[in-house]
Amino acid sequence: NAGVTQTPKFQVLKTGQSMTLQCAQDMNHNSMYWYRQDPGMGLRLIYYSASEGTTDKGEVPNGYNVSRLNKREFSLRLESAAPSQTSVYFCASSVEGMTIQYFGAGTRLSVL
Amino acid sequence: QQQVKQSPQSLIVQKGGISIINCAYENTAFDYFPWYQQFPGKGPALLIAIRPDVSEKKEGRFTISFNKSAKQFSLHIMDSQPGDSATYFCAARSYSGAGSYQLTFGKGTKLSVIP
């Protein structure tokens with residue numbers, strides 16, 4: 001049972017490049033989330049998907065887009081990467097009611 | 001606007017001592033308060049959680065104390081061990097409609113337990 005799997009684990013981009021961060025969960029969870037973690041800032045919600053077919057903005061959505069491809073997969077896209085998007089990105093999933101969120105191991109992204 | 005304030009930012013405790021991390025919130029609509037533990041290079045993992053109708057919850061060496069009137073809650077780690085060295089995040093859950101919930105996280109406390 002893999003839980004929440006994120007790919008890639010590390011990525012270096014140049015300013016203006018685009019990329020998609022992938023996330024998949026095998027726990028049959030309805031809800032999925034994308035966070036970014038910056039030093040001293042905690043975890044901030046970028047986007048979430050309460051169920052397949054729905055997505056909503058979180059606290060810091062600017063510069064990002066998401067796709068809930070199916071119940072298992074939730075991707076995060078940076079259309080034109082900026083240095084301010086250098087961060088560690090975490091995907092998470094939860095059952096309905098969200099008493100527990102399960103996190104992936106993160107993607108460490110540097111934008112030069 | 002930060003809705004969950006966590007302190008201290010960092011904490012150094014001797015082995016066997018008590019580690020205390022505090023959080024305060026403003027939004028009275030929060031209805032569930034988990035604590036997450038994160039080791040370097042890993043994602044956060046749920047440690048312990050409490051509902052606002054309970055004043056204290058204990059699991060092993062970890063205890064949450066909750067003060068609803070003061071809108072504060074804290075994590076106590078008894079008999080702290082070097083293996084407890086990690087970053088701890090408090091969080092608060094809110095309902096965002098259509099059956100979905102969000103967590104608002106504090107900024108984290110880096111705990112170092114020295115032998």
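Order of the sequence lines fixes the chain letters, A, B, ..., with proteins taken first and strands second; residue numbering starts at 1 for each chain. Just so it is clear, the model here is predicted, and its values are computed rather than measured.
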Going hydrophobic residue to hydrophobic residue with side-chain gaps under 4.5 angstrom, can you get from Tyr33(A) over to Met27(A)?
-> yes
Treating Ile, Leu, Val, Met, Phe, Trp and Tyr as nodes and any side-chain heavy-atom pair under 4.5 angstrom as an edge, say whether Phe103(A) and Leu109(A) lie in one connected cluster.
-> no
Report, as yes or no, whether the 6.0 Å neighbourhood of atom NZ on Lys71(A) holds more than 12 heavy atoms from other residues, nucleotides or ligands.
-> yes
Quick one: what part of Tyr102(A) sits under 4.5 Å from any heavy atom of chain B, side chain, backbone, both or neither?
-> neither
Decide whether Tyr48(A) and Val66(A) are clustered together by the hydrophobic rule: side chain heavy atoms of Ile, Leu, Val, Met, Phe, Trp, Tyr closer than 4.5 Å, transitively.
-> no
Say whether Leu13(A) and Tyr89(A) are linked into one hydrophobic cluster, either directly or through other cluster members, by side-chain heavy-atom distances under 4.5 angstrom.
-> yes
Do Tyr101(B) and Ser94(A) have side chains that get closer than 4.5 Å, going by heavy atoms?
-> no
Leu103(B) side chain near Tyr35(A) side chain, heavy-atom distance below 4.5 Å | yes
Pick one of side chain, backbone, both or neither for Gln37(A), based on which atoms fall under 4.5 Å of a heavy atom in chain B.
-> side chain
Using a cut-off of 6.0 Å, state whether more than 12 heavy atoms not belonging to Ile114(B) lie near its atom CD1.
-> yes
Using non-hydrogen atoms and a limit below 4.5 Å, what part of residues 58-89 of chain B faces chain A?
-> Phe89(B)
Which of residues 34-55 of chain B get closer than 4.5 angstrom to chain A, counting heavy atoms alone?
-> Tyr36(B), Gln38(B), Gly41(B), Lys42(B), Gly43(B), Pro44(B), Leu46(B), Arg51(B)
With a 4.5 angstrom heavy-atom cut-off, which part of Arg108(A) approaches chain B: side chain, backbone, both or neither?
-> side chain
So which part of Leu45(A) gets closer than 4.5 Å to some heavy atom of chain B, the side chain, the backbone, both or neither?
-> side chain
Is it possible for you to say whether Tyr64(A) and Val111(A) belong to one hydrophobic cluster, with membership spreading through side-chain heavy-atom contacts below 4.5 Å?
-> yes
